Amino acid sequence: QVQLVESGGGLVQAGGSLRLSCAASGSKFSIIAMGWYRQAPGNQRELVAAVTSGGSTKYADSVKGRFTISRDNAKNTVYLQMNSLKPDDTAVYYCNAARPTPRGTDDYWGQGTQVTVSS
């Protein structure tokens, strides 16, 4: 089992910044791929950014150049630095952990944190 606790959401004006944090426990963090997803009302949950256990990253086209995902294995924490925020970034942001198993991967989710960007 992997437990995930997110923090750092809130209300910010367009053009502002926020940093989300996700603290993981219950498993060896360094082998787990981590990601941030978001879901706006009426929309499907979508991948925002992900970082592998080796540190490779990928981003949704809509956030490239504005968001940065990083991980600190010593703190069992993954971060999402969000700059130049837009109203379209408004959503509930979820932390995801994909833990490798002999059968593939097991997915775990945090409780979500609200990000609201005002125009």
Side-chain angles (χ1 to χ4, degrees):
Q1 290 284 342
V2 179
Q3 293 79 43
L4 302 171
V5 178
E6 300 130 334
S7 60
L11 173 64
V12 64
Q13 288 188 330
S17 299
L18 284 173
R19 188 175 83 155
L20 306 183
S21 300
C22 173
S25 61
S27 188
K28 187 175 181 181
F29 182 75
S30 62
I31 68 171
I32 301 173
M34 301 295 298
W36 287 97
Y37 289 71
R38 67 186 180 187
Q39 187 168 18
N43 291 355
Q44 290 187 331
R45 191 172 297 189
E46 62 176 0
L47 175 68
V48 176
V51 57
T52 68
S53 58
S56 298
T57 58
K58 65 177 178 181
Y59 296 92
D61 287 343
S62 59
V63 306
K64 282 181 181 177
R66 299 189 297 122
F67 291 11
T68 302
I69 189 170
S70 62
R71 64 189 296 157
D72 185 337
N73 289 341
K75 296 182 178 180
N76 291 355
T77 301
V78 63
Y79 304 98
L80 185 68
Q81 178 66 43
M82 306 185 292
N83 298 329
S84 302
L85 282 161
K86 305 175 181 180
D88 284 350
D89 296 318
T90 296
V92 177
Y93 284 69
Y94 296 91
C95 179
N96 169 265
R99 187 182 67 175
T101 73
R103 303 172 306 279
T105 59
D106 286 341
D107 277 300
Y108 299 88
W109 297 91
Q111 80 282 1
T113 186
Q114 177 71 46
V115 171
T116 303
V117 184
S118 64
S119 57

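We number each residue from 1, following the sequence as shown. Since we're looking at a predicted model, the values are computed, not measured.
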State, to 0.1 Å, how close L85 and M82 come at their nearest heavy-atom pair, and which atoms those are.
CD2-CB, 3.8 Å
Residue pair Q3, V5: steps toward the side-chain contact (heavy atoms from CB on, under 4.5 Å) verdict:
CA-CA 7 Å; Q3 293 79 43; V5 178; 5.7 Å; no
Within a strict 4.5 Å, meaning less than it, do heavy atoms of the W36 and V78 side chains meet?
yes
Please answer: with hydrophobic residues joined when any side-chain heavy atoms are less than 4.5 Å apart, are V51 and F29 in the same cluster?
yes
Does the side-chain contact (heavy atoms from CB on, under 4.5 Å) test come out yes or no for S27 and I32, once each step is laid out?
CA-CA 8 Å; S27 188; I32 301 173; 4.0 Å; yes
I'd like to know if the side chain of E6 reaches the main chain of C95, judged simply by a donor and an acceptor atom lying under 3.5 Å from each other, with no hydrogens or angles considered.
yes
Check: T77 side chain, K75 main-chain N or O, donor-acceptor pair, under 3.5 Å
yes
Name all residues meeting the side-chain contact (heavy atoms from CB on, under 4.5 Å) criterion together with S84; count only those two or more places apart in sequence or in a different chain, and write none if there are none.
R66
Can you tell whether the side chains of D89 and K86 come within less than 4.0 Å, N to carboxylate O?
no
Any side-chain heavy atom of M34 within less than 4.5 Å of one from T52?
no
Ignoring hydrogens and angles, tell me if any N or O in the side chain of Y59 forms a donor-acceptor pair with the backbone of I69 under 3.5 Å.
yes
Sequence neighbours left out, cut at 3.5 Å: what donor-acceptor pairs do the side chains of residues 15-24 make with other protein atoms?
| unit_1 | atom_1 | unit_2 | atom_2 | d |
| --- | --- | --- | --- | --- |
| S17 | OG | N83 | OD1 | 2.9 |

Return the minimal non-hydrogen interatomic distance between R71 and N73, and the atom names on each side.
NE-OD1, 2.9 Å
Donor-acceptor pairs under 3.5 angstrom involving side-chain atoms of residues 100-110: please list them, not counting sequence neighbours.
| unit_1 | atom_1 | unit_2 | atom_2 | d |
| --- | --- | --- | --- | --- |
| T101 | OG1 | R103 | N | 3.2 |
| T101 | OG1 | G104 | N | 3.2 |
| D107 | OD1 | N96 | ND2 | 3.2 |
| Y108 | OH | R99 | NH2 | 3.1 |

Will you find, in the side chains of Y93 and R38, an N or O donor that is under 3.5 Å from an N or O acceptor?
yes
Could you check V115 against T90 for side-chain contact (heavy atoms from CB on, under 4.5 Å), going step by step and ending with a plain yes or no?
CA-CA 5 Å; V115 171; T90 296; 5.9 Å; no
Tell me, do Q111 and Y94 make a side-chain contact under 4.5 Å, heavy atoms counted?
no
Verdict with reasoning, V48 to L80, per side-chain contact (heavy atoms from CB on, under 4.5 Å):
CA-CA 9 Å; V48 176; L80 185 68; 4.2 Å; yes
Minimal non-hydrogen separation, L47 against K58, with atom names:
CD2-CE, 3.6 Å
Can you see which heavy atom on P87 is nearest to which on S119, and at what distance?
CG-CB, 3.9 Å
